[in-house]
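A, B, ... follow the sequence lines: proteins, then strands. Residue 1 opens every chain. Owing to the predicted nature of the structure, the values given are computational and were not obtained by experimental measurement.
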Amino acid sequence: MTDEKELRYDPAAIELKWQARWAAEPALYAAEPATCGKPKYYVLEMLPYPSGQLHMGHVRLYSIGDALARHMWMRGYNVLHPMGWDAFGLPAENAAIKNNVPPREWTLSNIAAMKRQFMRLGMGFDWDAEVTTCFPDYYRWNQWFFLRMYERGLAYRKKSKVNWCPECCTVMANEQVIDGRCWRHEDTIVEQRDLVQWFFRITAYAEELLEGLEALDGWPEKVRTMQRNWIGRSEGTEVDFFLAEKDDQGLGTRDQGTGTEELGIGNREQGTDRQRIRVFTTRVDTIFGATSVQLAPQHALVAAFTASDPRLKAEVDELIEQQKKAREAGDLGAIEKHGVATGRFAVNPYNGERVPIWVANYILADYGTGAIMSVPAHDERDFEFASKYGLPIVQVIRPENETPAVVLPYLSEDGVLMNSGEFDRLSCERAQRVLAEMAAREGFGKATVTFRLKDWGVSRQRYWGTPIPMIHCERDGLVQVPDDQLPVLLPEQIEITQQGGSPLARVPEFVNTTCPKCGGPAKRETDTMDTFVDSSWYFYRYTDAKNSKAPFDSAVVKYWFPIDQYIGGVEHAILHLIYSRFWTRVMRDLGLVEEDEPVRRMFTQGMVVKDGAKMSKSKGNIVSPDDMVARFGADAARMYSLFAAPPDRDLDWQDDGVAGVSRFLGRVWRLGTKYAPMARTARGQRPEAPSGTSLKLLRKLHQTIAKITLDFEGRWHFNTCVAAIMELVNEIQSADVQLAAGEISAPVMLELLRSLVLLLAPFAPHLAAELWEQLGEQGSLLRAPWPVSDAELAREDELEIPVQINGKLVTVIRVAADANVMTIQAAALGEAKVQARTAGKTVVKVIVVPGKLVNLVLHPSDKDPSRGASVVK
RNA sequence: GCGGAAGUGGUGAAAUGGCAAACACACUAGCCUUAGGAGCUAGCGCCCAAAAGGCUUGCGGGUUCAAGUCCCGCCUUCCGCACCA
C-alpha cells in the first residue's frame, strides 16, 4: 500500500526540491553575453512596487511572462528575463510615519519578502540583473540624466499652478490626477497650488511621440489610442483680437477705471502699441461669426480688468470657485456655463468689428491661449452660452448646395462661407488656409498646432525619491552638481512627519553645502523626483545592471533592444508608457541608444477579479497567493491563472478552479510516475512506425504540439493551450487499458511522455522538471529543444463530415481524409437519413467542402418534411 | 456626447464563415475506499414524461449554400476621453 501512497501528487515536495536546485544554479535563468551566438529575446514584465505582498494580479502577470520566457529558452534563444523593484515612493514614507520604521528598512524587508514569494512561485528571473531603484547605484543615473537634460534645456524650473494632493503632501503630474482626484487616493481631491517646480520638456517631443505611435503595430490599438488622445494634437490658427481703445467704447459699457495698458498681453511679439488678445481656434473660417471673445478667469488680462473693479473681481472669483467645485466633483465637462461681461471690447482683425469681452468659467486657462473667439452659430458650447446671455448669433457657414436655412448651431465643416465679405463662397477648408495666411501676412496671427500634452512636472516635496542634483547659490544662482559628485545621497537618518514641504529641507546637513562654482555657502535643492522617472529607463539598466561608469553600455543595449515583448497592465498606458517613450528619445539624442522606441511588442493583460469585482481590502475579497500556493502548489496557481481566461481578458478567480487544475496535475503526475520507468528503458531507441493505439496517441500529441507552438507565436490563447494539454492527457489516460496491456512500445511511450513534459514546462515548470528527471533526462528542461510537430503524424486519415440540408445538420459521415469531392458527395447522398429527407425533392445544389462539410440545397418549393410537419401542428 | 472592447449553458469559457458549447468548475447518480480538498464510471444548454423532434450565441434586419463569426440599426455592461475651442 505504501507504493500507492507514493503516487500521491505532493506539489510542495516537488516544488521545494526544484526551487532549491534552481537557486543553487542561477546561471540557468541568466542571460548569456552577446557573443553566445544565439538570437536574443528580451521578455519583460512591468516591475512591481515592493508593497510587501504579491497579489493575484502579479501571479497572473508573471505567469504569462515566465511561460513565454521558458518557451523561448526552449526554442534556443538567449533570453533576458529580468526582475527589479520600483522601490521609491510614498507608501514607504507613510509606513515610516505610521510604524516608525525607516523607509529604506521597510522597503528592503518588503523586497526580501516578495523575492521569497517569487522564488516560491518558481519564476525564472535573472537575478544577476536585478535592479532596485532606491539604491544609489541606480538613482545616481537618474541624477546624471537630469543634469544632461538640464544642460539641453529639457529640464527647467517654473512657477506654475500644480496639482497638490493633501494626502500625499506633494504635487503630482497631470497624468497622475484622475477625475480631479489623486491616483493613489481615490477619495482625495487634488488642490491647485502655485509653486516653483521642475519640469521635463516632454512637449518638445509631442509631435514625435504622436507620429511614433503609427509604427507601433505590435502595441494594442487601445493603448495607442489612449496616447493619441493624451497628446491631443490639434491644428488651428492663433488670431489676435485688438483691445478696443477706452475712448472707443460704445454706449452701455461700464466705467473701467484705469491701468490696463501696462499689461503686456500679446504685444511683445508684435511690437505694436495696441493691446492684443490672442485666441486659438480650429475654425478660423467661422471668424466672421465671432460675436464675443471669452477669456479664462485666470487669464492675465482679466486680472488687469478686475484690479480696478471690485465688483467684476467678485464675479470672476465666483467663476473660479465654480471651476474648482466642478473639478472636485471630477466632472469639469458638466459645469454649468456662466460668464460675466467685462465691459471691454475687442476688435476682430478681419472685419474691424467690435465684440464684447467676457470671462467664462468653461474656458480653460491652460489650453491654447486661455482665450477664445465665440462663434455661437457654429459651436455647440458657444451657442449654449450665447443663448443664455442673449449674445448675437450670426451664421457664416452654410451647406454648399442648399438654402442657408439650417438649424443652428451648424457644426459641419462641409460647407461654404457666407456673411464673410470677400471670403463668401469659399469652402471651409479653403477659407481656413486663406485666412491663416492672411493673418500671418498682416501680422495678427498664424497657423499653429496646439497639444493637450503638458510638460512633465517631476518635482516632489517628499523624502523617499531621487534627490534633484541642483544647488542654489546666492551668487551663482542655480548650479549643477558636478558629475563627479554624484550621487547626491539621500540622508539615512531623517525624521519623517506629515508636515508640508520637503522633509529634506529640514535636514541641515543635507541642505547646506558649498557652491561648486564659487565655493561659497549654498543650499541643495530639496525636491525629489517623481518615481515615474525611475521606471522610465529601468529596462535599459537590466542589460548592464552593475555598470558603475555609465547608466549602461550602449553596445550591450544595442544587442538587447528593443524589448521583444513587454507585458503589463493597461493602467500604465498613459503614464509609464509615454514617459518611457520620451526617455528613450532623450537618450537617443544624447547618443546613448540608437532606437526611437524601446518596446517592439506590448501586451496588456486583464485584471484579476473575484465574483466580478476588483479585489480590494474593503470588499474583503482578496485572494492571497501564499494561501493558493500552500493549498494547491505554485504550478496549479500559475497554470490556473493561464487557464481560466485568455490573458488579455479579466480573470474571475475561483478557488475551485485552482483545485481542478491541481487535480489535473495530479493525473499527469500519476501518469508520468506510472509509465516513466517503462519509458526510460527505451532511451536511445527509435520508435517503430506506429499503428493502432500508438498512432492514435501520437497523432493527438503532434496536433497538440502544433496548436501550442502556434499560440506561443502570437495568438497567446494560453487558456486553450492548457485545455489542449488536458485533452492530450485525457486521451492517453483513456487508453490506459491498452497501455497496461502493453500495446504501446517503450519508445512510443517515451516520446509521448517526453513531449508531454516539454509542453507542460512553460506552464507547470516544477512538475515538468520532476517528470523530466524521472524519464532519465540529465540536463535542464530549459535547454531541451521545444518539440516539433510532425505534420505527417498529426494528419487524420479519416474524418467526420457533417451533412446538412439547407444548412441544417442531418447526419455525419466518415470519409477518408483525402477523399475527393465526388466520393464525399456520393457518400453523403447514399446516407439513409439523407435519402429519406430528399425523397421526392429536387436537390438544386450540392456544396462539398472537402474536409469540412456537405450541404444539400433543396428547391425552395420543396419543404423539408420535418418542417412541414411542425407547421401543420 | 466621442472612441474602444465585450454580451454564448448554473459558472469560467471554446469555436481560420462550415457539426455551437471543446477544456474545466459546479451539480446529479453510481462505484471504490487508504475517508481524501482523493480516485474511477456515467449524466449534465433549453422545450417535450421519454423517444422522435424542435429551439438556442443580447434584440431586429441583411449578405451567404452556410453567420456566434461578415454588414446595417438598436439595447446592455465595462474601459478610456470628455466644454481641449
Nearest-neighbour nucleotide for the [X] side chain, [options] considered:
X      : options             : result
A/Y367 : B/G12, B/A85, B/C55 : B/A85
A/F280 : B/G39, B/A85, B/A14 : B/A85
A/M226 : B/G37, B/G80, B/A85 : B/G80

Could you measure between the two [atom1] atoms, the one in [N] and the one in [M], and give it in whole Å?
N     : M     : atom1 : answer
B/U63 : B/C72 : P     : 15 Å
B/A42 : B/A50 : P     : 23 Å
B/A5  : B/C40 : C1'   : 43 Å
B/G7  : B/U16 : C1'   : 23 Å
B/U69 : B/G58 : P     : 8 Å
B/A14 : B/G68 : C1'   : 11 Å
B/U64 : B/G53 : C1'   : 27 Å
B/G43 : B/C23 : P     : 12 Å

Does B/C81 have OP1 or OP2 under 4.0 Å away from a side-chain N or O of A/R452?
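No, no such contact exists.
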
Within the pair A/S234 and B/A85, is there a side-chain N or O less than 4.0 Å away from OP1 or OP2?
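Result: yes.
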
Map every base of RNA chain B to its dot-bracket character, where paired means a Watson-Crick or G-U wobble contact with both distances under 3.5 Å and | marks a partner outside the strand.
(((((((..(((.....[....))).(((((.......))))).(((.....)))..(((((..]....))))))))))))....

Closest-nucleotide 5' rank along RNA chain B - winner of A/V857 and A/R631
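It is A/R631, whose closest nucleotide lies nearer the 5' terminus.
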
Mapping A/H717 and A/G368 to their closest nucleotides on RNA chain B, which lands nearer the 5' end?
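Closer to the 5' end of RNA chain B: A/H717.
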
How would you list all residue pairs meeting salt bridge (charged side-chain N to carboxylate O under 4.0 Å, His left out) that involve residues 709-737 of chain A, not counting sequence neighbours?
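Pairs touching residues 709-737 of chain A that pass the test: A/R75-A/E713, A/K674-A/D736, A/K700-A/E727, A/K707-A/D711, A/D711-A/R715.
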
Just call it for A/D650: base, sugar-phosphate, or nothing, with non-hydrogen atoms closer than 4.0 Å on any strand.
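Answer is sugar-phosphate: A/D650 comes under 4.0 Å of backbone atoms only.
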
Anything under 30° is parallel, anything over 60° is perpendicular, the rest tilted; go ahead and classify A/F712 against A/F763.
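Taking A/F763 first and then A/F712, their aromatic rings lie parallel (interplane angle under 30°).
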
Between atom [atom1] in [X] and atom [atom2] in [N], what is the gap in whole Å?
X      : N     : atom1 : atom2 : value
A/K808 : B/C65 : NZ    : C1'   : 14 Å
A/F718 : B/A14 : CZ    : P     : 14 Å
A/I231 : B/C81 : CD1   : P     : 14 Å
A/I287 : B/A85 : CD1   : P     : 16 Å
A/F241 : B/A85 : CZ    : P     : 17 Å
A/E413 : B/A85 : CD    : P     : 11 Å
A/D736 : B/G39 : CG    : P     : 15 Å
A/K337 : B/A85 : NZ    : C1'   : 11 Å

Considering only distance and modelled atom types, tabulate donor-acceptor pairs under 3.5 Å from the side chains of residues 659-667 of chain A, sequence neighbours left out.
none

A/Y350: which residues meet the ring-ring contact (aromatic ring centres under 6.0 Å, His included) condition with it, sequence neighbours left out?
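Per chain and number, A/Y350 pairs via ring-ring contact (aromatic ring centres under 6.0 Å, His included) with A/F444.
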
Mind checking ring-ring contact (aromatic ring centres under 6.0 Å, His included) for A/Y367 and listing every partner two or more places apart, or none if nothing turns up?
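A/Y367: no ring-ring contact (aromatic ring centres under 6.0 Å, His included) contacts found.
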
[X]: which residues meet the side-chain contact (heavy atoms from CB on, under 4.5 Å) condition with it, sequence neighbours left out?
X      : result
A/V846 : A/Q825, A/V843, A/V848, A/V854, A/L856
A/A706 : A/S789
A/R649 : A/P646
A/H576 : A/M46, A/F532, A/S535, A/Y538, A/F539, A/Y566, A/H572, A/S580

Sequence-aligned protein contact record of nucleotides 1-10 of chain B, with B where the base is within under 4.0 Å of a protein heavy atom and S where only the sugar-phosphate is
----------

Which parts of nucleotides 16-29 of chain B does protein reach within less than 4.0 Å, heavy atoms only, written one letter per nucleotide 5' to 3' as B for base, S for sugar-phosphate only and - for none?
B-BB--BBSSS---

For residues 285-298 of chain A, dump all side-chain donor-acceptor pairs below 3.5 Å to protein atoms at least two apart in sequence or in another chain.
{"from": "A/D285", "atom 1": "OD1", "to": "A/R283", "atom 2": "NE", "distance (Å)": "3.1"}
{"from": "A/D285", "atom 1": "OD1", "to": "A/Q432", "atom 2": "NE2", "distance (Å)": "3.0"}
{"from": "A/D285", "atom 1": "OD2", "to": "A/R283", "atom 2": "NE", "distance (Å)": "3.3"}
{"from": "A/D285", "atom 1": "OD2", "to": "A/R283", "atom 2": "NH2", "distance (Å)": "3.0"}
{"from": "A/T286", "atom 1": "OG1", "to": "A/R283", "atom 2": "O", "distance (Å)": "2.7"}
{"from": "A/T291", "atom 1": "OG1", "to": "A/P392", "atom 2": "O", "distance (Å)": "2.9"}
{"from": "A/S292", "atom 1": "OG", "to": "A/Q294", "atom 2": "NE2", "distance (Å)": "3.0"}
{"from": "A/Q298", "atom 1": "NE2", "to": "A/Q323", "atom 2": "OE1", "distance (Å)": "2.9"}

Please indicate whether A/E207 has more than 12 foreign heavy atoms, meaning atoms of other residues, nucleotides or ligands, lying under 6.0 Å from its CD.
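Yes.
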
Could you check whether atom CD of A/E380 has more than 12 heavy atoms from other residues, nucleotides or ligands sitting under 6.0 Å from it?
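Atom CD in A/E380 is not crowded, with 12 or fewer foreign heavy atoms closer than 6.0 Å.
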
Between A/F603 and A/W219, ring centroids under 6.0 Å:
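Here the rings of A/W219 and A/F603 have centres that are no less than 6.0 Å from each other.
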
Ring centroid separation for A/F383 and A/Y389, is it under 6.0 angstrom?
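So the answer is no for these two rings.
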
Anti or syn - B/G9, cut at 90° from 0
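Syn conformation for B/G9.
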
